[in-house]
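Before any comments, here is the structure.
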There are 2 protein chains.
Amino acid sequence: MSLQLSVDRSSPVPLYFQLSQQLEAAIEHGALTPGSLLGNEIELAARLGLSRPTVRQAIQSLVDKGLLVRRRGVGTQVVHSQVKRPLELSSLYDDLEAAGQRPETRVLLNTTVPASAEVAAALAVAEGGEVHRIERLRLAHGEPMAALCNYIPTGLLDLDSPQLESTGLYRLMRSAGITLHSARQTIGARSATPEEAERLTEPDGAPLLTMQRTTFDDTGRAVEYGTHVYRASRYSFDFQLLVRA
Amino acid sequence: MSLQLSVDRSSPVPLYFQLSQQLEAAIEHGALTPGSLLGNEIELAARLGLSRPTVRQAIQSLVDKGLLVRRRGVGTQVVHSQVKRPLELSSLYDDLEAAGQRPETRVLLNTTVPASAEVAAALAVAEGGEVHRIERLRLAHGEPMAALCNYIPTGLLDLDSPQLESTGLYRLMRSAGITLHSARQTIGARSATPEEAERLTEPDGAPLLTMQRTTFDDTGRAVEYGTHVYRASRYSFDFQLLVRA
DNA sequence: GTCGTTCGGTTGTCCGGACAAAGCATTGAC
DNA sequence: GTCAATGCTTTGTCCGGACAACCGAACGAC
C-alpha cells in the first residue's frame with residue numbers, strides 16, 4: 001500500500017509542509033484509512049530522502065490538528081473519526097459561504113460614535129473616544145439569520161459599505177494587513193426584544209443565541225468588538241475541539 | 001533584566017518542558033512583561049547550556065498556546081493580551097469548581113436503555129443495543145444551573161452514582177484509563193418545555209442554552225454523547241480561541 | 001498453562017551545525 | 001531630502017546522529 005509521496009526541493013514551500021499536506025490529502029482522500037499505521041519515521045524519511053526531524057515536523061503538525069495519534073513503541077496511526085475543523089476564528093460570512101448558503105449582508109449603519117464604557121473597556125480605548133460602529137443584517141437564502149453589531153477602533157482600516165456587503169469583516173481586516181491572533185468569546189442566550197424580533201422576523205420573545213467577541217491582533221491590540229444575536233431557530237454553533245495535552 | 005532560568009538535567013522532565021514552564025510562569029507572574037523581547041534563541045541556549053532546537057521547542061509550545069509571537073528578523077515577543085484558556089474539553093463540573101462556584105450534582109437517573117436512532121448514530125453502536133443513560137442536575141450555590149443527559153457505551157467504565165455526585169464525568173473517564181481526544185459540539189438555544197422549566201426553576205418558555213456533544217477517545221471511538229440544557233439567565237459559554245496559522 | 005523476562009521495534013528527547021529568508025537600520029547615491 | 005542598496009540580526013528550515021523510554025510479542029522457566 002506504499003502511498004505515493006514526493007517532495008520538490010526546488011519549491012520555496014518548506015519540505016515538512018509539503019509532506020504534511022500530502023499526508024493530510026491522503027487521509028482526506030481515503031488513501032490512508034483510519035486506524036492504519038503510517039510506517040516508521042526512519043524508513044519514511046529514507047524513502048523520501050529527508051531527515052527524520054523534517055518528517056517528524058510534518059507528522060507533528062497533523063497530530064496537532066488531531067488527524068494522527070502517535071504511540072511510543074507502536075507507531076503513528078490515522079485517527080479514526082470525523083474530524084473536520086477545530087473551531088477557527090472565522091466570520092459568519094465565511095461559515096455560511098462554506099456551507100453553500102449564499103450569504104448576503106445588509107449594512108444598516110456605518111458611522112463613528114463615541115465609545116460607551118462597555119466598548120471602551122473591550123477595545124481598551126478612552127471612554128468617549130471615537131470608534132467605528134457597524135450594524136449589519138446577515139441573511140442566507142434571503143432569510144435573516146443574525147443581527148451583527150461591531151465596534152472598531154478608528155484608523156485601523158477604512159470601512160466601505162459596499163465592501164462590507166460583499167464579504168466578511170475578518171476578510172477585510174486581513175487584507176488590510178491586520179494579523180488576527182486570538183479572540184475572547186461569550187456565547188449565551190436570551191429572549192428577543194420587540195425590535196430584534198421584527199428585524200429577524202421572529203415572534204416576540206423568541207429565544208436568541210447571543211455572542212460577544214473581542215478580537216486581538218498579534219501585538220495584543222484589540223481590533224474589534226462585536227455583539228451579535230442569532231435566530232436560534234435557524235442557527236447554531238457547530239464545532240470540533242481537541243484535547244490539548 | 002536577565003530572567004532567572006535554569007534546568008535540571010537529572011530530572012526526568014524533558015528539558016524543553018522545564019524551560020517552557022519557567023517561561024510561562026515568568027509571563028504569568030509578570031517577570032516577562034507584554035511586548036518585551038525574549039532575547040535571541042542562540043544566546044538563550046548558550047546561557048542555559050542547551051542546544052538551540054531544545055530552546056526552540058520550548059518557545060514553540062508557548063507560541064502554540066498563544067503566549068508568544070515570533071517575528072523573523074525581530075525576535076520573540078510576549079503577546080500583549082489577556083490570554084487565559086483556549087477552550088479546553090473540560091466538564092461543566094471542573095469549570096464551575098475552577099470558578100469557585102462549589103458545584104453539586106444530583107443523579108436523577110442511572111440505568112441502561114436501548115439506544116435510540118439518534119444515540120446509536122452518535123455513538124456508532126447498533127440501534128436498540130444497550131447503552132448507559134445518565135441524567136443529572138448540576139447546581140451551583142444550591143441553585144440549578146443545568147440539566148445533563150448522557151449516553152455512554154456499556155463496558156467502558158462502571159458508573160457509580162455516588163462517584164458521579166462527587167466529581168465530573170470526564171474525570172471519571174480519565175481515571176478509568178480513557179484518553180479523551182476530541183469532541184464535536186453544537187451549541188444552540190430554545191425555549192424551555194414545562195418540565196425543563198420546573199426542573200431548572202425557570203419560568204415557562206424561558207430561553208435555554210443547549211449543547212450537544214459527542215466525545216471521542218484517541219482510537220476514534222465515541223465514548224460519550226450528551227445533550228445538555230443550561231439556564232441562559234445564569235450561564236454562558238466563555239472561552240478564548242486562537243487563530244491557527 | 002501461566003507468568004515473568006528478554007528483545008526488537010518505534011517514538012521521544014537532545015545535540016551541534018549549516019544555510020536561507022525576512023526585518024530593520026544604516027549607509028550611500030542622486 | 002529622498003530613495004535605493006547594503007549589511008546585521010534574528011528566526012525559519014534542514015541535516016545527521018545518538019541515546020532513552022516505552023510497547024508488544026516472543027520466549028523460557030516454573
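It should be emphasised that the depicted structure is a prediction, and the values quoted were computed from it without experimental measurement.
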- Item | Within 6.0 angstrom of A/Phe17 CZ, more than 12 heavy atoms from elsewhere | no
- Task: Write down the distance between CZ (B/Arg9) and C1' (D/dA20), rounded to a whole number of angstrom.
- Result: 14 Å
- Query: Hey, is the side chain of A/Thr54 poking within less than 4.0 Å of OP1 or OP2 on D/dT13, counting only N and O atoms?
  - Reply: no
- Going from SG on B/Cys149 to CD1 on B/Ile134, what distance comes out if it is rounded to the nearest 0.5 angstrom? 9.0 Å
- Qualifying residue, where the test is salt bridge (Lys or Arg N to Asp or Glu O under 4.0 Å) with A/Glu41 and the options are A/Arg47, A/Arg56, A/Arg72: A/Arg56
- Heavy-atom closest contact (B/Asn150 atom, B/Gly226 atom, distance): ND2-CA, 3.7 Å
- Any side-chain donor paired with an acceptor under 3.5 Å for A/Thr179 and A/Asp217? no
- Atom CD of A/Gln57 to atom C1' of D/dC14: distance rounded to whole Å? 9 Å
- Given A/Ile152, A/Thr214, A/Leu180, the one that forms side chain to side chain contact (heavy atoms under 4.5 Å, CB included) with A/Val223: A/Leu180
- Message: What is the separation between atom CG on A/Leu48 and atom C1' on D/dC14, rounded to the nearest whole Å?
- Response: 14 Å
- Counting only side-chain N and O atoms of A/Arg71, is one of them less than 4.0 Å from OP1 or OP2 of D/dA21? no
- Item | Least distance between heavy atoms, A/Ala222 atom then A/Ala122 atom | CB-O, 3.7 Å
- Would you kindly give the CD1-to-C1' distance between B/Ile42 and C/dC15, to the nearest whole Å? 14 Å
- Could you check how far CZ of A/Arg70 sits from C1' of C/dT11, rounded to whole Å? 7 Å
- Would you please confirm or rule out a distance under 4.0 Å between OP1 or OP2 of D/dT11 and any side-chain N or O of B/Thr76? yes
Pairs: protein N or O with nucleotides 17-20 of chain C N or O, under 3.5 Å:
residue, atom, partner, partner atom, Å
C/dA18, N6, B/Arg52, NH1, 3.4

- Message: Let me spell it out: for each of A/Val55 and A/Val74, pick the nucleotide of DNA chain D with the closest heavy atom. Which residue's pick is nearer the 5' end?
- Response: A/Val55
- Message: Tell me the interatomic distance from B/Leu68, atom CG, to D/dT11, atom P, rounded to whole angstroms.
- Response: 11 Å
- Is there a donor in the side chain of B/Glu224 and an acceptor in the side chain of B/Tyr170, or the other way round, less than 3.5 Å apart? yes
- Message: At 4.0 Å (heavy atoms only), tell me whether A/Arg56 reaches a base, stays on the sugar-phosphate, or touches nothing.
- Response: base
- Kindly state which residues belonging to residues 10-20 of chain B come within less than 4.0 angstrom of DNA chain C, counting heavy atoms of the residue only, listed by number. B/Pro14, B/Leu15, B/Tyr16
- Message: Can you measure A/Asn40 atom CG to C/dG8 atom C1' for me and round it to whole angstrom units?
- Response: 12 Å
- Item | No-hydrogen, no-angle side-chain donor-acceptor test under 3.5 Å, B/Gln60 and B/Tyr16 | no
- Message: Rounded to whole Å, please give me the gap between CG in A/Leu37 and P in D/dG24.
- Response: 12 Å
